[in-house]
Peer 1: 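Once you've had a glance at the structure underneath, I'll fire off some questions.
In this text the structure is predicted, and so the values were computed from the model without any measurement.
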Amino acid sequence: MNIASKADAIGLGERARRAARVAGEFADAVDREGRFPREGMEAVAAERLMGIQVPAVHGGEGATISEVAEVCAILGQACAATAMTYAMHQIQVASIAGFSGGSAWHAGFLKRLCDEQLLIASATSEAGIGGNLRNSVCAIETIGDTVRLEKDATVISYGANADAILVTSRAHADAAPSDQVSTLFLKDQYTLEHTRDWDTLGMRGTCSDGYVFRGEAPKEQVLPAPFAEIAAESMLAVSHLLWGALWYGIAADAVARAQGFVRAAAKRSPGTTPPGALRLAEASSLLQQVKGNVVAGLRQFEAAKGDADRLSAMSFAVAMNNVKVGVSQTILTIINHCLLINGIMGYKNGTPFSLGRHLRDAHSAQLMISNDRILGNTSTMLLVHKQDTSLIG
Amino acid sequence: MTTAEIIRDLVGKHGKLPVDVATLGDDSDLYTAGLSSFASVQLMLALEEQFDIEFPETMLKRATFASIRAIADAVDSIVRDQAAA
């Protein structure tokens, strides 16, 4: 890393921490009221973090996936809903920046995104596809230079608050369910008819309500690359890595709260080791595993970046799946350890040691793309994939 | 039967395509035709069994299974390498 890029990285971290301080102030209210993390996302936009991943030629900062992941981890320590909204937005930015193949319209949009700090949502889930985003029922219809689409989207996270939505569909009326394209619709080009409420255990602020999406736009807004390619080479890996980063953030804050509890106990009775101290050491070891897992995944992604063969290789997909499953399971163990350490003070809401929100938010991790589905997918690949047994690779 | 014909037969049996394999050309995109990642693995296993070969890790990527011709090229190159070894 040269000095200039290191300075940029420090700048991003500082901006993310400032935004996180605002997001953290409202995290409990966002959770309690199940509302959009407005203050947190406004602070993120005020720090001009929405477009950091966009290449400099299109008005962004050309931040790497690791730098974006660091922002997610910092936000995740303060407000998981803000962090998840930000991560999902960045997943869409990666798809558009990476797969618009010289499309002037998309280049212009990315410039606008940076200038106006726009928020992009995603509509992949659909009634009737059984949770498999690589299938669509709806098909985009081309009439002259215009495309039209109606989709029964079971979930569009922060759909009501987005400035644009990237929507998957079959490529045309006769296309197979897996022959999909992604189209970016701007807010004034679609309507959302609310169909399903998001009243959940955790991640309440992502407001992942269901809608019937109806949109019409110039056909140049369809991404030129097939969705199959976008999913295999970018979306799945970027999702697992950025989610992993913010899940790490949730667990890291839980460990910080447990450490605060143990230290307070140690100060009260000098010379004796507080009962939670050993468990804290164990939680710290588990947290390091999670961090190592995410960081190794980020390095692997960056090493493969721009190489379609490496990104679509089975070994890469297995590795990314393993990051997702491993991190999503381990953070629950970590936060549970922290809850045992903090006891009733952790179980109660509104104390400096409260962990209810962390635990509830963290429970979403194994469900958003079900771990069972991912394990099933990995187990299929393991029928032919030969594992790399080297340590350093 | 040529390699391509045998492969076409196996794609029909294991590819779980929503369309008849006879309607596809040797260069038709199998993913566009509806080949899923699960079916591509089943197809791979069938190919390994049929040709008594093992796909090396470097070939386990999307492009290898993009069309009947791509699969045939991959199978031919593995068979050649195994004969040379």
Peer 1: In Å, rounded to the nearest 0.5 Å, how long is the span from CE of Met381(A) to OG of Ser40(B)?
Peer 2: 9.5 Å
Peer 1: Measure the spacing between CZ of Phe65(B) and OG of Ser312(A) and express it to the nearest 0.5 Å.
Peer 2: 11.5 Å
Peer 1: Of all the heavy-atom pairs spanning Ser178(A) and Gly34(B), show the shortest one and how long it is.
Peer 2: OG-CA, 3.3 Å
Peer 1: Rounded to the nearest 0.5 Å, what's the gap from CZ on Phe55(B) to CE on Met314(A)? Could you check?
Peer 2: 10.0 Å
Peer 1: Can you tell me how far the NZ atom of Lys386(A) sits from the OG1 atom of Thr58(B), to the nearest 0.5 Å?
Peer 2: 9.5 Å
Peer 1: Tell me whether the count of non-hydrogen atoms from other residues, nucleotides or ligands lying under 6.0 Å of CG in Asp20(B) goes above 12.
Peer 2: yes
Peer 1: For the interface with chain A, which of Glu54(B), Met44(B), Glu57(B), Glu48(B) has the highest count of heavy-atom pairs at distances below 4.5 Å?
Peer 2: Glu57(B)
Peer 1: Are there over 12 heavy-atom neighbours, none belonging to Asp27(B), within less than 6.0 Å of that residue's CG?
Peer 2: yes
Peer 1: Are there over 12 heavy-atom neighbours, none belonging to Lys16(B), within less than 6.0 Å of that residue's NZ?
Peer 2: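 Yes, enclosed.
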Peer 1: Report the option among Leu311(A), Asp309(A), Asn377(A), Leu383(A) that has the most heavy-atom pairs separated by less than 4.5 Å from atoms of chain B.
Peer 2: Asp309(A)
Peer 1: If I measure from the heavy atoms of chain B, does Asn135(A) come under 4.5 Å with its side chain, its backbone, both, or neither?
Peer 2: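 Interface part for Asn135(A): neither.
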Peer 1: With a 4.5 angstrom heavy-atom cut-off, which part of Tyr31(B) approaches chain A: side chain, backbone, both or neither?
Peer 2: backbone
Peer 1: Which pair of heavy atoms, one from Leu60(B) and one from Val384(A), lies closest together, and at what distance?
Peer 2: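 Closest approach of Leu60(B) to Val384(A): CD1-O, 3.6 Å.
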Peer 1: By a 4.5 Å heavy-atom criterion (distance strictly below it), what part of Ala232(A) contacts chain B: side chain, backbone, both, or neither?
Peer 2: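 Looking at Ala232(A), just its side chain touches chain B.
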